[in-house]
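One structure is given here, and the rest of the page talks about it.
Along the sequence shown, residues are numbered consecutively beginning with 1.
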Amino acid sequence: MATQEHLDEARRLIERLRDHHANEVVALARLVDAGALRGAAGDRLAADLRAWDQGLKDRFTRALSLLDALEPGEGASSR
């Protein structure tokens, strides 16, 4: 069973991954939008990056909401 400590640790990890993802994808999208890749291929990549960014944001939000729904197990030991 998960303790409150485990749940808090999981929350911190999810938030850290979310923030890292946001920084990396935004930086890449800015490069593409700034003209690093021109033409139809650049436009497709920019659209894909925006879709990917939104999809991952949705997944992180869902993971955090599922984590919020969990309660520490009764009698759980912290290993």
Side-chain angles (χ1 to χ4, degrees):
M1 293 262 177
T3 64
Q4 186 61 49
E5 182 179 318
H6 292 131
L7 296 175
D8 292 342
E9 185 178 333
R11 171 172 283 289
R12 286 189 300 272
L13 178 59
I14 292 167
E15 289 171 343
R16 194 169 42 248
L17 288 170
R18 179 196 60 200
D19 295 344
H20 178 77
H21 152 74
N23 294 335
E24 296 295 317
V25 172
V26 166
L28 184 54
R30 285 184 180 152
L31 278 172
V32 173
D33 287 340
L37 186 60
R38 298 187 191 281
D43 294 343
R44 282 192 307 272
L45 180 56
D48 286 348
L49 285 169
R50 285 189 291 276
W52 187 49
D53 182 48
Q54 188 58 55
L56 284 174
K57 283 180 184 176
D58 292 345
R59 294 289 180 225
F60 286 126
T61 299
R62 176 80 171 132
L64 289 170
S65 69
L66 288 172
L67 192 60
D68 288 341
L70 295 175
E71 294 184 19
E74 291 183 24
S77 64
S78 70
R79 295 182 195 193

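One distance of note links CZ of R59 with CG of L17; it measures 15.0 Å at 0.5 Å rounding. Atom CG of residue L28 and atom CG of residue L45 lie 6.0 Å apart, to the nearest 0.5 angstrom. To the nearest 0.5 Å, the span separating OG1 on T61 from CD on Q54 amounts to 8.0 Å. For the atom pair CD1 of I14 and CZ of R62, the computed distance is 12.0 Å after rounding to the nearest 0.5 Å. A distance of 12.5 Å separates CG of D53 from CG of D48, quoted to the nearest 0.5 Å.
With sequence neighbours excluded, the residues that form a side chain to side chain donor-acceptor pair (under 3.5 Å) with D8 are Q4.
Considering all non-hydrogen atoms of both residues, G42 and V32 come closest at O-CG1, 3.4 Å. Taking both residues in full, the closest heavy atoms of A10 and L67 are given as C-CD2, 3.9 Å, listed atom of the first, atom of the second, then distance. Considering every non-hydrogen atom in both D33 and R50, the closest pair reads OD1-NH1, 3.8 Å.
The same ILVMFWY cluster, assembled from side-chain heavy atoms under 4.5 Å apart, contains both V25 and F60. Residues L49 and L37 share a hydrophobic cluster, clusters being chains of Ile/Leu/Val/Met/Phe/Trp/Tyr side chains in contact below 4.5 Å.
Other residues, nucleotides and ligands contribute over 12 non-hydrogen atoms within 6.0 Å of the CZ atom of R11.
A donor-acceptor pair is defined here as one N or O able to donate and one able to accept, closer than 3.5 Å; such a pair exists between the side chain of N23 and the backbone of D19.
Below 30°, between 30° and 60°, or above 60°: for W52 and H21 the angle between ring planes is above 60°, a perpendicular geometry.
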As a quick check of understanding, evaluate side chain to side chain contact (heavy atoms under 4.5 Å, CB included) for L7 and E71, giving each step before the final call.
CA-CA 8 Å; L7 296 175; E71 294 184 19; 6.0 Å; no
